[in-house]
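Input: a single structure, listed below in structure tokens.
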Amino acid sequence: MSTPSPKEAPGRQGSAGLGRQDVAHLAHLARLALTDEELDHFAGQLSAVLDAVAQVGKADVADVPPTTHAVPLTNVARPDVVEPSLPRDVVLAEAPAAEDGRFRVPQILGDEE
Amino acid sequence: MSTATGARLVDFDDALTRYEPVIGLETHVELGTASKMFCGCATTFGAEPNTQTCPVCLGLPGSLPVANAAALEATIRIGLALGCRIATWSRFARKNYFYPDIPKGYQISQYDEPLCTAGHLDVEVDGETYRVEIERVHLEEDTGKNLHVGGSTGRIHGAEYSAVDFNRAGIPLVEIVTRPIPGAGAKAPEVARAYVTELREILLALGVSEVRMEQGNLRSDVNTSLAPIGSLEWGTRTETKNVNSLRAVERAVRHEIRRQAGVLDGGGRVLQETRHFHEDTGSTSPGRSKEEATDYRYFPEPDLVPVAPDAEWVEKLAAELPELPAARRARLQEEWGLSATEMAWIANAGAVDLVAGTVAAGASPADARKWWLGELARRANDAGVELAELPVTPRQVAELTALVAAGTVNDQLARQALDGVLAGEGDPARVVEARGLAVMGESDELVAAVEAAIAGAPDVVAKVQGGKVQALGALVGAVMKTTRGKADAATVKRMLEERVLGG
Ligand SMILES: [Zn+2]
């Protein structure tokens, strides 16, 4: 089953030095081809960024529920009403390549449909 | 396309003597809302590619999603129909991965705070009830559609490039996930099919989706694992995708049981992987291995606020649920005076609505059932279509039964009238009229046919007069033949008796 387990949930606590392996993994997930030099370079940079963000962990949040919004809004929804879409020529105008009304993308390799 | 490479397929019954299957299903249902999940684009099926897109569903920078109220409501209603607990607090999350049919680089889905959890659905197979526990029901958005160009078969392997249509991207998609279902044994394939069938019926009753499997409105991923009988641990599961018909659900489980048994018998190890089902061969082939675990880096969707269904709203939705299929079947079974088995046959033939419609149009339940499960089921089978796809309506079937009951046609003539209805010649009464199918009364023509039969078979007449009354059947047959089935057999028999036996 695809039940998420809480331990997989993101959100690193405290100091989080990123190793080369971590960066390589993230680069793969983002489909970025990085050289060995770049991996070392970004590992250092990203670790610095994470350390800076980790400052937040020093705040005392014992009484603050986890939140993702500054405003206490819930249940914002719109009625199920159709609104005009964009004209297709506008949609495809920015595409690097298009064919028969579709976005043309490079070969998709080694993945599933 | 490769079928099970290496391992041999074990005979299904043989596999079940040594292994216990555990199945599980993840079913995606496209909701039938007019507009998409997070934008106002239309959801019309079959529209020209990329004509139903906008900055939101194309993932253009700066666009912001707003949830579709009808989709939220439909998801809660599905949860209620499955006996789920409805969350009082629920959030959307980003599921990050790169694929050309995901324009944003993430899919808006739900992660650890789904709308509905902990439900169940009871299904019946061969008179036995299996409880399928529902783990969760959550709401997400559908992806675009890739068209693979080049190569020989339109498949992704060997394709030179792909072409993407984003009309489907952003259509509300509900995912219904079962807990693992152990204990079904040899019935596992049928339990899987019965579950999807019953789920589909519920979704139809709720009116939340058209659930047309051939249009991809309902798609199931089927998990299967095998463990040696008596083992305390479950085996490694595979997840079979592309299982897009009820029959395919059953076949996919059956195939995986046979394949995995072959792997285990040979001392091998079942790989935890995604497999693809092939409709043409009924087999599965490996896709992406899950052992290089996908890392979706879920996090709460910052562009959407939480959904917090209040109790009053949920109670109102619960009170307004329609009669669900299982309750309806129980009621109709009672009303129609059928046994549970008889009702199950009707349900399994997908004929509940058809029989109900025919009864509502005036036919007796017995006649309605006889026609749909008999002659019409035969015709549908011959034509390779579902019963509901036959070009005949319940009202027309009711009219046919009325013509038989009134003696206007007999069963044989009624079948000929049905030929005409199915050929598009109009309603039964009209076909009977146009084709001249009405039963002959005691006309001069019939009297002549009866007398000719008697004159033509003096030996039979002698036998009957000698006491072998059943020999009369040959004479009835002769009359029916000369009248080409248009005479009423009972009338013919009586007329023959009057003349031969001097009634
Ligand atoms: Zn849109």
Side-chain angles (χ1 to χ4, degrees), chain A residues 1-12 22 25-32 65-113, chain B residues 24 26 33-35 39-42 48-55 58 66-72 91 96-100 111-112 135-136 146-149 155-156 159-166 177-180 223 241 274 276 287-288 295 297-300 302 304-308:
Chain A
M1 301 315 90
S2 69
T3 330
S5 70
K7 67 175 185 300
E8 290 169 29
R12 286 162 182 273
D22 297 323
H25 176 61
L26 288 172
H28 171 71
L29 291 174
R31 301 297 184 266
L32 295 172
T67 180
T68 46
H69 292 89
V71 283
L73 272 178
T74 57
N75 299 334
V76 176
R78 57 178 185 85
D80 181 25
V81 174
V82 174
E83 282 163 39
S85 293
L86 290 176
R88 185 163 73 185
D89 51 344
V90 173
V91 169
L92 294 174
E94 301 295 322
E99 184 175 290
D100 296 333
R102 294 182 172 87
F103 291 84
R104 181 174 164 155
V105 299
Q107 195 178 41
I108 307 165
L109 274 180
D111 235 317
E112 58 167 339
E113 162 54 271
Chain B
E26 297 173 23
T33 51
S35 67
C39 64
C41 288
E48 282 292 301
N50 293 306
T51 54
Q52 296 173 0
T53 62
C54 74
L58 289 171
V66 186
N68 183 332
L72 294 173
R91 276 193 302 188
N96 298 279
Y97 66 100
F98 277 86
Y99 208 67
Y111 184 56
D112 50 355
E135 178 150 317
R136 56 193 268 134
N146 294 326
L147 182 74
H148 304 300
V149 184
R155 291 177 195 282
I156 189 164
E160 286 157 33
Y161 61 93
S162 298
V164 191
D165 169 12
F166 289 111
V177 182
T178 71
R179 292 180 60 78
N223 296 329
K241 302 225 172 219
T274 297
H276 297 285
R288 184 186 59 198
D295 180 355
R297 292 151 293 144
Y298 282 97
F299 64 86
L304 290 162
V305 299
V307 181

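Below, chain A is the first sequence line, B the second, and so on; all start at residue 1.
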List, one per line, each side-chain donor-acceptor pair under 3.5 Å for residues 90-106 of chain A, sequence neighbours excluded.
residue	atom	partner	partner atom	Å
A/E99	OE1	A/R104	NH1	3.1
A/E99	OE1	B/Y161	OH	2.8
A/E99	OE2	B/Y161	OH	2.6

Worksheet item: Taking atom types as modelled and ignoring hydrogens, do the side chains of A/D80 and B/S35 form a donor-acceptor contact shorter than 3.5 angstrom?
Response: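 Yes, side-chain donor-acceptor contact under 3.5 Å.
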Practice prompt. Locate the shortest heavy-atom distance separating A/R78 from B/V66; write the atom from each residue and the value.
Written response: NE-O, 3.2 Å
Can you tell me which of [options] forms the most heavy-atom pairs within a distance under 4.5 Å of chain A?
options	answer
B/A69, B/P49, B/C54	B/P49
B/A71, B/A67, B/A70	B/A67
B/D165, B/N68, B/L72	B/N68

Practice prompt. Start with the C-alpha distance between A/R88 and B/T53, add both sets of side-chain angles, then the distance that settles side-chain contact (heavy atoms from CB on, under 4.5 Å), and finish with yes or no.
Written response: CA-CA 8 Å; A/R88 185 163 73 185; B/T53 62; over 6 Å; no
Worksheet item: In Å, rounded to the nearest 0.5 Å, how long is the span from CG of B/D295 to CG of A/L26?
Response: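 Interatomic distance, B/D295 CG to A/L26 CG, rounded to 0.5 Å: 7.5 Å.
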Worksheet entry | Pairwise distance CG(A/L29) to CZ(B/F98) - rounded to 0.5 angstrom |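 The distance works out to 9.0 Å.
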Worksheet item: Is a side-chain donor or acceptor of A/N75 paired with a backbone partner of B/A308 at a separation under 3.5 angstrom?
Response: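 Looks like yes, one N/O pair under 3.5 Å.
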Worksheet entry | Heavy-atom proximity to chain B below 4.5 Å, by part of A/V81 |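 The backbone, not the side chain.
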Discussion item. So, applying side-chain contact (heavy atoms from CB on, under 4.5 Å) with A/S85, which one of B/C41, B/P55, B/C39 is it?
Written reply: B/C41
